[in-house]
Chemist: 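Sharing a structure, written as structure tokens. Questions coming.
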Amino acid sequence: MAARQLNPAQLAAVHHLDGPCLVIAGAGSGKTSVITQKIARLLQAGYAAKNIGAITFTNKAAQEMRERATHLIGARAAKDLVISTFHSLGVRILRAEGPRVGLKEQFSILDSDDVLNVLKDAGGTTDMGQARHWQWTISLWKNQGYNAQDALKVAKDDDERAAAIVMERYQDRLSAYGAVDFDDLISLPLRLFASDAEARGKWQDTLRYLLVDEYQDTNSVQYELVKQLVGERAMFTAVGDDDQSIYGWRGATIENLKRLPQDFPQLKVIPLEQNYRSTSAILRAANNVIAVNPKIYEKKLWSEFGEGDPVALLEADGEEHEAERAVARINALRSEGKAPNYADFAILYRANHQARVFEKALRRAEIPYKVSGGQSFFDKAEIKDLCGWLRLLVNQDDDPAFLRAVTTPKRGIGHTTLGGLSEFSGKWKCSMFEALFAETLHTVLPRRAVDQLHEFGRTINELEFRCRTTFGAEDARVLLMDWLKDIGYEQHLLDSEENEKVGAARWSNVLDFVDWVSRRCGGQITQDGGATVEAEKQSVLQVAQTISVILSLAERGEEQDQVTLTTLHASKGLEWPHVFLAGVNEGLLPFKAEDEDMTPQRLEEERRLMYVGITRARTTLAVSTLRRRKKNRETVMGIPSRFIAEMRLHESQTKEDPREKLKKLREQMAAKAAVTAAAQSKAD
DNA sequence: TTGACTATCTTTTTT
DNA sequence: AGATAGTCAA
């Protein structure tokens with residue numbers, strides 16, 4: 001967003017420094033400007049950069065905020081700002097205070113896959129679905145601040161009681177491993193601050209002013225952590241929008257917004273209502289929809305961009321037809337010259353699977369597109385396995401990588417052995433890999449286990465040596481294939497999959513990965529012009545070292561001129577000139593599962609989702625419904641979503657179009673004439 | 001009864 | 001794209 005004079009509400013938000021402040025930032029109201037300007041203001045008021053904390057939910061948001069801040073206040077000042085996600089702030093706290101909560105200094109963080117494996121182990125099942133269900137339930141409990149005992153008390157049925165029991169064993173296992181999961185990154189610092197005034201005071205002194213972005217997405221544990229951090233001084237600014245709270249299903253609660261004025265009576269609430277994104281026609285539809293929800297804080301968006309095109313309401317005969325119409329619309333707007341780029345378009349939908357039909361239609365029309373969200377290549381289990389090995393080669397103290405590598409493929413080293421090893425490494429304050437070669441290891445583990453660990457250690461050392469001394473694409477490929485053969489990875493994939501085809505598909509992903517890594521080891525890289533460029537050869541280890549950087553760059557992707565396909569959830573915070581809202585039907589948006597009954601709260605969240613979708617659009621918005629839609633075997637009648645009526649598109653705008661006025665006048669005169677005529681004929 | 005193949009059907013997702 | 005339920009054959 002271009003630098004622009006702040007409006008009065010934004011200025012008020014930026015300059016309110018002496019107490020707690022809640023900024024209700026409507027969609028497109030320039031909240032990031034407010035946050036970055038406020039940081040600048042805080043520096044001006046004498047706060048040191050290192051004492052200002054800004055908390056976001058995603059790494060992407062944190063990075064963007066840092067970029068904006070750097071732009072505004074310069075790299076030197078920005079570098080000391082504490083801008084991080086809730087989770088990385090948790091890591092920071094735990095790294096410093098780990099021992100106080102019984103954590104070794106080099107604790108591991110398990111990702112979602114690791115957690116699933118531990119749960120399968122702890123719960124004694126191989127059933128993926130069951131493990132997922134436990135993971136989900138346990139995570140929700142943790143996000144409400146419950147430990148295993150609390151969970152057992154609140155468990156409503158046998159299913160939940162079983163989950164609570166698994167949770168207890170899961171926690172035991174985590175502490176044996178010296179590991180934490182994502183949820184612990186918030187709850188452990190909270191527990192620490194609640195019980196340890198010294199640690200709390202220390203962190204309150206470090207983060208003297210706190211800014212919390214997307215406050216409506218906080219869960220109760222995160223809110224408690226914020227409360228502990230800001231303490232009695234209550235120097236903070238929360239920025240959020242109750243109308244854009246769409247993550248209730250994963251523990252976020254707008255109760256946190258209601259509680260804020262109760263917990264901080266001196267709270268200053270500042271709504272930002274001027275929108276710098278959309279036309280009036282679009283904002284009117286958005287305001288009308290969201291007005292149906294009960295409000296916590298009243299606000300109504302407006303903009304200075306004029307009425308603009310009316311919101312288009314489209315009806316399609318079915319999914320395929322809808323996709324065709326989307327394509328037609330893109331082509332039409334482009335040929336009218338209203339949209340120079342494909343990147344000006346987005347197609348938004350409720351559920352991921354809806355993307356498929358659109359992909360097909362776009363491919364056929366040869367329109368470039370990208371599907372945002374969805375699983376990336378590097379999220380696949382087999383790729384993560386191999387990345388685990390490579391990470392361990394690079395940094396042998398990376399315990400999560402160690403755990404992953406040592407257990408895939410299975411080599412007779414189970415949780416008992418690993419528990420012993422972890423305890424040992426915790427006691428001697430070294431990594432698990434280091435512990436593996438300790439002289440005294442045999443005093444805590446049986447001979448056989450120690451032998452197996454040594455065997456693994458030798459494999460790693462040998463592999464590390466070879467990776468360090470192997471250069472160039474061809475040699476790298478040979479080395480990597482040798483390694484996979486040695487550890488029997490292909491067999492492991494084929495064995496662990498019920499279906500041989502699935503196993504083969506996974507193996508083919510592995511081969512792609514080998515190809516990817518070895519190409520990066522150098523030799524020759526062909527540029528797209530066809531010209532071949534000689535690159536410097538790199539060792540396999542060097543490539544492995546940069547892998548995480550390359551991954552995050554690959555994830556970002558170069559900006560290309562493509563139509564965006566994305567879920568409504570993933571669209572929050574983004575904007576496009578032309579937005580196509582697909583499948584706005586009862587059952588889909590609002591979504592309704594077969595067995596579930598719709599609570600008012602659920603419906604309100606769905607309505608907010610619609611609101612988020614509408615407010616993504618800058619200049620044109622098309623809302624599409626299906627007259628027929630596929631359900632089960634047959635095609636059923638599609639009922640337009642109630643949200644369409646709620647947009648009240650037929651209602652004329654406040655400032656009446658002169659042509660409309662004229663039309664109405666004519667009608668009135670005609671009516672009068674009719675009455676007169678009737679009176680005359682009666683008189684006759 | 002079991003097993004393989006096919007048809008069907010998907011909520012939303014970050015750390 | 002991936003899991004799962006259902007179907008058909010041995």
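Please read these numbers as outputs of a predicted model, since none were measured by experiment. In what follows, chains are A, B, ... by sequence order, proteins preceding strands, each numbered from 1. Hydrogens, waters and symmetry mates play no part in the numbers below; they use all other heavy atoms, side chains included.
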Chemist: Is a donor from one side chain sitting under 3.5 angstrom from an acceptor on the other, for A/Ser220 and A/Gln144?
Modeler: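 Checked: A/Ser220/A/Gln144 side chains show no N/O donor-acceptor pair below 3.5 Å.
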Chemist: For B/dT10, does OP1 or OP2 lie under 4.0 Å from any side-chain N or O of A/Asn352?
Modeler: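 The answer is no; no side-chain N or O of A/Asn352 sits under 4.0 Å from OP1 or OP2.
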Chemist: Which nucleotide wins on minimum distance to the side chain of A/His569, given the candidates B/dT14, B/dT15, B/dT12?
Modeler: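 Output: B/dT12.
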Chemist: Determine whether the aromatic ring of A/Trp249 stacks with the base of B/dT12, defined as ring centroids separated by less than 5.5 Å and ring planes inclined by less than 30°.
Modeler: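 The ring of A/Trp249 is stacked on B/dT12.
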Chemist: With sequence neighbours excluded, what pairs up with A/Asn293 under the side chain to side chain donor-acceptor pair (under 3.5 Å) test?
Modeler: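 A/Asn293 satisfies side chain to side chain donor-acceptor pair (under 3.5 Å) with A/Arg607 once adjacent residues are dropped.
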Chemist: B/dT15 C1' sits how many Å from A/Arg250 CZ, rounded?
Modeler: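 Going from CZ in A/Arg250 over to C1' in B/dT15 covers 9 Å.
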Chemist: Output the rounded distance in Å from CZ (A/Phe358) to C1' (C/dA1).
Modeler: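 Distance check: A/Phe358 CZ to C/dA1 C1' gives 18 Å.
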Chemist: Would you mind reading off the distance between A/Asp183 atom CG and B/dT15 atom C1', rounded to a whole angstrom?
Modeler: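 It is 9 Å, rounded to the nearest whole Å.
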Chemist: Rounded to whole Å, please give me the gap between CG in A/Leu603 and C1' in B/dT12.
Modeler: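 That distance rounds to 16 Å.
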Chemist: Send over the distance from A/Glu606 CD to B/dT12 C1', rounded to a whole Å.
Modeler: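 One finds 8 Å between C1' of B/dT12 and CD of A/Glu606, rounded.
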Chemist: Is A/Asn59 near enough to B/dT15 that one of its side-chain N or O atoms lies under 4.0 angstrom from OP1 or OP2?
Modeler: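 Yes.
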Chemist: For A/Glu224 and A/Gln222, run side chain to side chain donor-acceptor pair (under 3.5 Å): C-alpha distance rounded to whole Å, both residues' side-chain angles, the deciding distance at 0.1 Å, then the answer.
Modeler: CA-CA 5 Å; A/Glu224 288 302 324; A/Gln222 284 159 340; over 6 Å; no
Chemist: Tell me: CD of A/Glu214 to P of B/dT13, nearest whole Å?
Modeler: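 Value for this atom pair: 15 Å.
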Chemist: Could you check how far CD of A/Gln222 sits from P of B/dT14, rounded to whole Å?
Modeler: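 Between P of B/dT14 and CD of A/Gln222: 15 Å.
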Chemist: In whole angstrom, what separates A/Leu185's CG from B/dT15's P?
Modeler: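 Rounding to the nearest Å, CG of A/Leu185 and P of B/dT15 are 12 Å apart.
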Chemist: Under the ring pair (Phe, Tyr, Trp, His ring centres under 6.0 Å) rule, collect the residues that match up with A/Tyr369, sequence neighbours excluded.
Modeler: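 A/Tyr369 satisfies ring pair (Phe, Tyr, Trp, His ring centres under 6.0 Å) with no residue once adjacent residues are dropped.
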Chemist: Report yes if some heavy atom in the side chain of A/Pro189 is under 4.5 Å from a heavy atom in the side chain of A/Trp203; otherwise report no.
Modeler: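 A/Pro189 does not reach A/Trp203 side chain to side chain.
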Chemist: I want to confirm an ordering. Mapping A/Arg356 and A/Thr567 to their closest nucleotides on DNA chain B, which one lands closer to the 5' end?
Modeler: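 Looking at the nearest nucleotide for each, A/Arg356 comes out on the 5' side.
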Chemist: Is A/His353 stacked on the base of B/dT10 when the test is centres under 5.5 angstrom and planes under 30 degrees?
Modeler: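 Yes, the aromatic ring of A/His353 stacks with the base.
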